[in-house]
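Here's the structure, in C-alpha cells; my notes come after.
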Amino acid sequence: MAKKKKITEIARSVGMSPREVMEHFEKIGITVKSTRSNVDEEDYQALLKHLGFEVEKEKKVERRTVIRRRRAPTPAAPEEKIEVPEEKKAEEVSEEQKEEAVTETVQEETHAEQQQVAEKPAAVEEETPKPKETKEEITEEAPVESIPSQIPPLTPEEEQRRKEEKAKKRKELPEEEKILRKKVIKRREILTREDLYTEEERSRFQVRKKIPPKRPVKKPTITVPKEEKRIIKVEKSIEVAELAQRLGAKVNEVLAKLRDLGVEADRNTLIDFEAAALVAADYNFTVEKEEFRPEDHFDIGPSDPEKLRPRAPVVTVMGHVDHGKTSILDAIRRTNVAAGEAGGITQRIGASVVETPKGTITFIDTPGHEAFTTMRARGAQVTDIVILVVAADDGVMPQTVEAINHARAAGVPIVVAINKVDKPNANVEAVKKGLAEHELIPEEWGGETLFVETSAIKGQGIQELLEAVLLVAEMHELKADPSKRAHAIIIESRLDKGRGPVASVVVREGTLKVGDWVVAGTAFGRVRSLIDWTGKNVKSAGPSVPVEVVGLSEVPEAGEHLYAVKNEDIARRIAEFYKQQREAAKGEVVTPEKVTLESLFQKISEGELKHFNLVIKADYLGSVEAIENAVKRLSTNEVQVEVVHKGVGAITESDVMLASASNAVVVGFNVKPDPRAKEAAKKEKVQIKTYEVIYELLEDVEKAVKGLLAPEVEVVQIGAAEVKQVFRISSVGVVAGCLVTDGRVRRNSKVKILRNGEQVGEGIVSSLKRFKEDVREVTKGFECGIGVDGFNDFEEGDRLEFYEEVSKEATA
C-alpha cells in the first residue's frame, strides 16, 4: 500500500507554508480538510506537477536504476577461494562485497515503492535517461551498517581463520606498504597539532601574536580651557552635578565650596545663579544668564523653495447679519448647517473642506468680523481670502462696511457674493454702486474685485463663486512646506466630557501627525487623535487642513498658535515659560506694545512705523468725512496716515479690537466709548482719544506725525532704603546691605544713590535678596541685599531712592 504524505511534510519539501499548500490543492480540485490531513501519492504527484516540480520523479528513477543493477549482479566468489596476494586486492574484494550488501539493502527498502511504479516502468525508462551512479551516492542512501539478513553470519572458526589470514597478509606486505598503512592508521588517531606536524613544520606555520609595546603611563595634567570655552550659561538655577560636570571638577569639591558659602546641598540640589557664579569663579569660569526663547524650538524659519508645494486657500465668509453667510456655506457643502443654528445665526467657529474639480478650498464660518479681528489681534492670520456676502434686497449695511475695513486692514483680498438675487426686490446694481463707494469696484467697471451673483436657496452662482475664489488663490500663489514641523492656528476650543480639551485648528505650515508633541500657549500635550471636519479619524493633516486635536493638557484660547516640537521636555518647558509670563503680568494678557500719539515720534525715528492707522468715530457722517479728509492731508514722506475704519456712533468694543489688530489709535469726535470698549482698551492697551473741537483733534494728529508731540513721562517714587553695611563678593560685585525705610523696593526698578543730600550715582536694581533667597520686592521695615547695575561705590549711610517712570495715561 502506498504511503500517504502529510500536508506539513509536503509543505517542507516544496518550501511553502501548509496553508499555501492547501490553497494549491484546492486549485487542482483536491479538498484537504486541515494541515494535519494525509494525501495519496497520486495527489502529491499532481501537486508537484501543478507547481512545476520534478524532484520526486528523479528520486524514483535513481532507485529503479539501483534495482536494475541488482537484477544482474556480478557473482561474488566465495570467501574461502579469495586469494589476496597484495593488500590492494583485499581492499577491492571487500569493497565489492560491501557494494553487494548495499545493493541488497536498497532493494529491500525500495521493494514497496517498486510495486507503486511497476505499472508504467517502460514509460519511465523512455522518458528518463539512466543516470550515472557512483558508490558514494549509494552509500548515502543505504549505510553499510544495515547489512541484510540474507548474508549468513560467520562462525567462530571462520572469524578466527579470517584474523589469521589478515595477520599473515600484513607480514607478507612490503616494508613501504607497511609504513604507508601505519601512517594512515596514525592519521586516524590524530588528536593534537603535535601529532600532525614536526617541530620544524610547527615553527614555520606558528602564528605569533603581536604584542603592542608598552607605553609609559602619563600622569593626568590639568589643562585650562580657552577663554571662550570658560563660560557657563545658566537660566535661573542649575544642579550641582551638572555644574561640576561643566567645570570639570569633582562633585564633592563643588559641595565643599558651597558649604563654605553657607549653602547646604547635595548633587541633585538646584542652586541659584549667584551661588553658581561664586563657585565657578574659583575655577576661572564665568557664569552668564541664558534666556529661554520658545521660538528657538519652533520650526518657523524660511522654507527651502524646492520643498514648497501649493496649498488650498483658507476662506472666511463675512458680511451683515442675515445676509446669508451660512446659507451660502450650506449650499457649498450641500449640508443643512443653517437649520441647526439657533435663530439661523452661526453660534461658533467651524471649518470645512470643499473639493472642486479645479482644487480644494477650506472654509471658516465665523460668527462675524469680531472673531476674525480677535484672532488677528492675537497675531493669528489664518485667512487667505474673504468672501463678502451682501444681500441684493438689503444693500450695503453698517456691518458690511465694518467687514470691508476688517478685511482691508488684514490685507486680505475680497470676493463679493451678491446673495438673494432671486428675490423680487433684488437690486444688484444698487449693491455694486454702494460697494464702489468703499473702493470695491467690479471688474466690468474697470476695477479688480470679483463680483458673483448668487442665490443660496436655489444654488445659483455657487460654482462660479468657487471658481472665483480659486482664481484669486492662483493669482496669490499660495504655497507651504509640508515637510516641516507643524504650525497651526486654533480657531475654537472646548472641554469635551469624554475626550477632554479639544482644539479645532487649521494647519498653516508643515504636517501635524498623531503622536506629535505640541504646545499652544500654556497648554501642551501629545496628539492622541486627529479628527477631520466630517468626524473621521485621520493620522496626519497637511497645510490648510482643518482638524480637531485631542490630547492637550488644558483648553487653549482661540487665536493661539499651536506648534509641534521635538519632545515632551521642550513642550513642557515652553508651556511653563508662558505660564510664568502670565503670572508675572498678574493675569493680564501680554500684548505687543501699541502705538500712541505720544510714542509716534519715537516709532518713526526708529524706523518701525511707516503707516499711522486711525479709527475715526463721530456723531454725524459729515463730521466723519471731514475728519477723514483732513487727517489724510497730514501725511508726510516718512509716515502715511491711513483710516482703517470710520463710523457714526459711540466707540464700541469692535472698534477697539480692530485698532488692536491694526496697531491703530481710536479717535472720537463728540462721542464717548462704552464701558465694554473702555475695558477692552485697557486690556489690549489701545489708546482712545476723544475731542469736542475738531481743530484740537487735527492739531494733535499733525504734531504726532511731524514728531512735535513728545511723550509725557511722570517720575513716581516707590520707596527708599539706607545702606547699613557693604559686602564685596568676587565675580558678583559690591552688594549693599540695606534697611527699607519707606515704601518698597522692586527688582529692575530705577534707583538714585544720595550721599549727604547729593546724588552720587544712579542705576537699576539688578539683584534683590533676603538672606540667601532671591525676591521680587521688599517692603518697609525689612532688611535686604541690593545690587545696582552700573554702581559699586557704596558707603555706609548712603540713601537709596527707588522710582519708576510712568507715561501719562491717555484721556478716554
Side-chain angles (χ1 to χ4, degrees), residues 293-316 349-353 360-364 375-376 378-384 478-494 499-578:
R293 293 165 50 87
E295 54 270 19
D296 294 340
H297 302 279
F298 301 150
D299 198 357
I300 55 178
S303 301
D304 186 358
E306 296 181 357
K307 295 183 180 180
L308 293 176
R309 300 290 182 270
R311 65 174 179 85
V314 181
V315 180
T316 298
I349 299 174
S352 57
V353 177
T360 305
I361 304 174
T362 299
F363 283 94
I364 297 178
M375 286 195 292
R376 280 194 56 238
R378 295 193 178 98
Q381 182 72 15
V382 65
T383 304
D384 300 315
L478 303 175
K479 293 183 178 181
D481 182 4
S483 64
K484 300 173 69 174
R485 288 198 299 271
H487 168 215
I489 296 176
I490 298 174
I491 56 176
E492 74 167 352
S493 58
R494 68 184 187 278
R499 297 181 295 171
V502 179
S504 298
V505 306
V506 174
V507 180
R508 295 299 294 172
E509 202 166 17
T511 302
L512 184 62
K513 305 173 184 176
V514 174
D516 285 350
W517 283 99
V518 295
V519 59
T522 59
F524 74 98
R526 193 171 191 175
V527 179
R528 295 203 309 266
S529 63
L530 295 174
I531 304 168
D532 65 6
W533 75 282
T534 62
K536 297 180 181 178
N537 284 294
V538 294
K539 294 183 178 180
S540 62
S544 300
V545 177
V547 287
E548 281 190 343
V549 179
V550 180
L552 295 174
S553 59
E554 58 184 69
V555 179
E557 296 183 2
E560 196 74 70
H561 292 256
L562 182 140
Y563 294 97
V565 294
K566 286 185 179 179
N567 51 45
E568 179 184 6
D569 181 56
I570 294 175
R572 192 182 299 275
R573 289 182 64 188
I574 294 173
E576 187 65 26
F577 174 80
Y578 286 135

Is any side-chain heavy atom of Ile574 less than 4.5 Å from a side-chain heavy atom of Val565? yes
I need the minimum non-hydrogen distance between Gly521 and Tyr578, along with the two atoms involved. O-CD1, 3.1 Å
Side chain to side chain contact (heavy atoms under 4.5 Å, CB included) between Leu530 and Asn537, worked out: CA-CA 6 Å; Leu530 295 174; Asn537 284 294; over 6 Å; no
Tightest non-hydrogen contact, residues Ile531 and Arg499, listed as CD1-NH1, 2.7 Å
Looking only at non-hydrogen atoms, find the nearest pair between Leu512 and Val549 and report the distance. CD2-CG2, 3.8 Å
For Ala523 and Pro556, work out which heavy atoms get closest and say how close. CB-CB, 4.3 Å
Least distance between heavy atoms, Val502 atom then Val550 atom: CG2-CG2, 4.2 Å
Mind listing the closest non-hydrogen atom pair of Ser303 and Leu308 along with its distance? CB-CD2, 3.8 Å
Evaluate the side-chain proximity of Glu509 to Asp481: yes if any heavy-atom separation is below 4.5 Å, no if none is. yes
Donor-acceptor check, side chain of Arg508 to backbone of His561, threshold 3.5 angstrom: yes or no? no
Between Ile489 and Val506, is any pair of side-chain heavy atoms under 4.5 Å apart? no
Are the side chains of Val519 and His297 in touch, meaning some heavy atoms are under 4.5 Å apart? no
For Gly551, is there any backbone N or O sitting under 3.5 Å from a side-chain donor or acceptor partner on Arg526? no
So do the side chains of Thr362 and Val545 get within less than 4.5 Å of each other, counting heavy atoms only? no
Using only heavy-atom distances, determine whether the side chains of Ser493 and Glu560 contain a donor-acceptor pair under 3.5 Å. no
Quick check for you: to the nearest 0.5 Å, what is the distance between Arg311 atom CZ and Lys479 atom NZ? 12.0 Å
Are the charged groups of Glu568 and Arg572 less than 4.0 angstrom apart, N to O? yes
With a 3.5 Å distance limit and no angle check, can you tell me whether Asp516 reaches the backbone of Val518 through a side-chain donor-acceptor pair? no
Return yes if some donor-acceptor pair links the side-chain N/O of Ser544 with the main-chain N/O of Val314 below 3.5 Å, else return no. no
Rounded to the nearest 0.5 Å, how far apart are CZ of Phe524 and CD1 of Ile570? 13.0 Å
With side chains defined as the heavy atoms from C-beta onward, is the minimum distance between Tyr563 and Arg485 less than 4.5 Å? no
Asp304/Lys484 under salt bridge (charged side-chain N to carboxylate O under 4.0 Å, His left out): CA gap, chis, key distance, verdict: CA-CA 10 Å; Asp304 186 358; Lys484 300 173 69 174; over 6 Å; no
With sequence neighbours excluded, residues passing side-chain hydrogen bond (donor to acceptor under 3.5 Å, both in side chains) with Thr522: Glu554
Give, for atom CG of Asp296 and atom CZ of Phe298, the distance between the pair rounded to the nearest 0.5 Å. 9.5 Å
